[in-house]
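In what follows, a structure is listed as structure tokens, so that the remarks can point back to it.
Just so you know, these numbers use all the heavy atoms, side chains as well, and skip hydrogens, waters and symmetry mates. So that the names make sense, note that chain A is the first sequence line, chain B the second, and so on, each numbered from 1. Since we're looking at a predicted model, the values are computed, not measured.
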Amino acid sequence: MSDAMVIEDLRDVTEKKSLFSPKDFFSNFGTLIGLVLVVLVITIIKPQFLGLENIFNLLRQTSINGLLALGMTFVVLTGGIDLSVGSIVGASGIYAALVAQHSELPWIVPVLVGVGIGFVLGSINGIVIARLRVPPFIATLGMLSIARGITYLASDARPVPGLSQGFLMIGGGSVGFIPIPVIILAVALVLCWLLLYRTKFGRYIYAVGGNETASKVSGVKVRSVVWASYMISGALAGLAGVVLTSRVSSGLAQAGTGYETDVIAAVVIGGTSLAGGRGRLWGTIVGFLIIGVMNNGLDMMAVSSYWQLIIKGTIIVVAAMMDSLNDSK
Amino acid sequence: MELLNMQGISKSFFKNKVLDNVHLKVKEGSVHALMGENGAGKSTLMKILAGVYKADSGEIFIDGQKVEILSPTAAQKLGIAMIHQELSALPEMTVAENIFLSREPGKLGLVDYKKMHEDTAVLMKTLKIDISSKKKMKELRVADQQMVEIAKAISLDARIIIMDEPTSAITDKEVDTLFEIIRSLTKQGKSIIYISHKMDEVFKICDEITILRDGSFIGTWPASELDDASLIKQMVGRELKDVFPKVDVPIGDNLIEIKNLSCHNQFEDISFNVRKGEILGVAGLVGSGRTEVMQTIFGLAPSDEGQIIFEGKVLNTKTPTDAIKHGIAFVTEDRKKEGIIPDMGVGQNVTLPFMSQFCSKFINQYLGFIVDRRKEADTIEKQIKALGIKTKSSKQTIASLSGGNQQKVILAKWLTGDPSVLILDEPTRGIDVGAKAEIYKLMCEFVSRGKAIIMVSSEMPEVMGMSDRIIVMSNRKLGGELNRSEFSQERIMDLAVSHL
């Protein structure tokens, strides 16, 4: 038997990837090339797509999905999944709106309430998964339902209008010509990048997703790392809920419904492996940009939303397929 | 008359020659031992015979007829069956279902369970094995699982049966049963190819011995013409003491002491000590509880009773994190499952347990969790050099290295924390001879600094060649202890079965 292991090892040695193979180039930059192609095609059909105004509009739309995808990347890297992000967007958005109705409070109060709700719900996901050992798919599926229920309870399914001016600036305002949601996304991106690539916590995220047992043997506190990843996802979903509520200028109980599809799609298109341990943050960025460009571009081309669903679904499957083809080669 | 004749078999895996012009002639009705160190090419040769791999060159004759074995099914049709060393049973299925896997009796895709269980019962009876056909595999002891594997191979009505380490997990009594079965098989004109490291067994049951070394054919002898010493010499190609560069190191005070450690269903009343400068070997059969004891010492599993005393203080390790803090390191048995983070680079694997060491002092006051990447890179470079790890860069993924190099990375990982006790569980499993020798040298160098090693090993030459003292576990209890002057394969085996 040990001979067999040696043989496997030998195969590995000879299969060592050279640093600049075309295959590597494709697996690293394939999605980026995809993004450029999509942009090119849409621009040829609708030249106004590349207008500055539309670009910022697109980025503003994408910021919600972007925030969620950043959090989802942490979770997926540990080998988990968070299906509850859309519902957490709804719950945090409603509570933020309820607080933002009190115009005497500064804008930061509803923001903190929204992010806090997301953080708490994410923490509950984390406890259920890391401590009580419920599979992530089931635990967050439960939260998807629970958080949506909370949202309806809080609002009695009625819109929550009349939000304070300061709060409305978060989703609708701009600094110069850059929309504030885009700035929020950029800041979140930098922080996530630092967390993932410059801290020991980031290293542990990759380690836990790559090999949980080996990480445990190496002294990594696996459960805490998993827990933290759901906290991050929850908190970012809370922030996304705040931005969304502010942008549509009222709290809506159904806000965020079904968002998890686009978010998971963005992460998968970005090349992060659902098995955990492998993936890049910049891949996720390209992933949510592709989704954003598609949504925006197909709208501009007046493609029916029914067709948009079919096109998006196909892209997700094709992206995952290319990833697994890359693996098996 | 030769039943099997393999002529001039060569096999390379991408430019690496694993077998080079190897011959194997097995007589009808004989037991033929195939011997060699790990990595000598035994398993590859057998996998070619079993149709798992295809030889690059060479010919195979059965009954003088040239045959092409292109798939495991083809091998099965030619009457070749292989009993794997590592059990390949499906744990959730019954004994009968395992034995008749992929050839279930019945029609139209429906399984005739009644016939299946009857046939299994008959088979078990003829082999004098007392195992119910309706039990699930996972409910059986390891030894019984192995007997089922053997029964399965026999039920295939094979003429050539390959047994790869068939006795690694069974007791003496069961070995006797197995040998009886083997003798009755050879009487029927069947041939057995027997792979084992246990020399007494080989001399007891085998008629002829073929020896491979580093993928080359060394020779075939009648078993009566060889003895232990000449066999080892042919297998290793040099005297034993050259392989194990054991250096005598002055032995100091107790470093770690285990007192009456027990864990329900895992092990009972284990006591031993390890001194500074000492390599303590832990021998015993597979499944005797050796790994479980080590996991408990390292905080991976709890204990019910007993104490671990480390440098004079009672140690309470609840998690590996605690154990690591106290300077205990654990190189696990299963490198792939418990050792490496496959997609991570060599460097990141090295520093994983000790990331806190690399968090920058400069910005520590505010951002203590930020990694000082220069400091980390320096340490990685140093460790790669110190252990002679062959890698293109520290960023190359560990999964792409050879087994020996992966193991060196794991050692480098633990040595980064400068531990005082190193626990090694089967440290050279699946590693080529060269890398083995390097690992042995590192072990000697480590204890010469007043540190200690606990080495669990199933390889007799290794455990006898490297240890200062050996404790032997038997059926989850302590079987006994031997000093270096008392080492012999027989005494270790006696102790290993003392509680069975």
Smallest heavy-atom separation, G339(B) atom then A214(A) atom, equals O-CB, 3.5 Å

Looking only at F354(B), F298(B), F330(B), most heavy-atom pairs under 4.5 Å shared with chain A are made by F298(B)

So which of L300(B), L45(B), I410(B) has the biggest tally of heavy-atom pairs under 4.5 Å with chain A?
L300(B)

[X] versus chain A, the contacting section by heavy-atom distance below 4.5 Å:
| X | value |
| --- | --- |
| I324(B) | side chain |
| F358(B) | neither |
| T397(B) | neither |
| T332(B) | side chain |

Rounded distance (nearest 0.5 Å) linking atom OG of S215(A) with atom CD1 of I341(B)
3.5 Å

Taking atom OH of Y197(A) as the centre, report whether more than 12 heavy atoms of other residues, nucleotides or ligands fall under 6.0 Å from it.
yes

Is E212(A) atom CD crowded by more than 12 heavy atoms from other residues, nucleotides or ligands, each under 6.0 Å away?
no

Pairing donors with acceptors under 3.5 angstrom, does anything connect the side chains of K413(B) and S218(A)?
yes

Carboxylate-amine/guanidinium proximity below 4.0 Å for K200(A) and E376(B)
no

I want to check something: taking the side chain as every heavy atom from C-beta on, are [X] and [Y] in contact at a cut-off of under 4.5 Å?
| X | Y | result |
| --- | --- | --- |
| R198(A) | V371(B) | no |
| M355(B) | Y204(A) | yes |
| T213(A) | K337(B) | no |
| E338(B) | K216(A) | no |

Would the distance check show the side chain of D343(B) and the main-chain N or O of G210(A) forming a donor-acceptor pair, the cut-off being under 3.5 Å?
no

Choice from V208(A), T199(A), V220(A) maximising heavy atom contacts with chain B below 4.5 Å:
T199(A)

Heavy-atom cut-off 4.5 Å, strictly under: side chain, backbone, both or neither for Y206(A) against chain B?
both

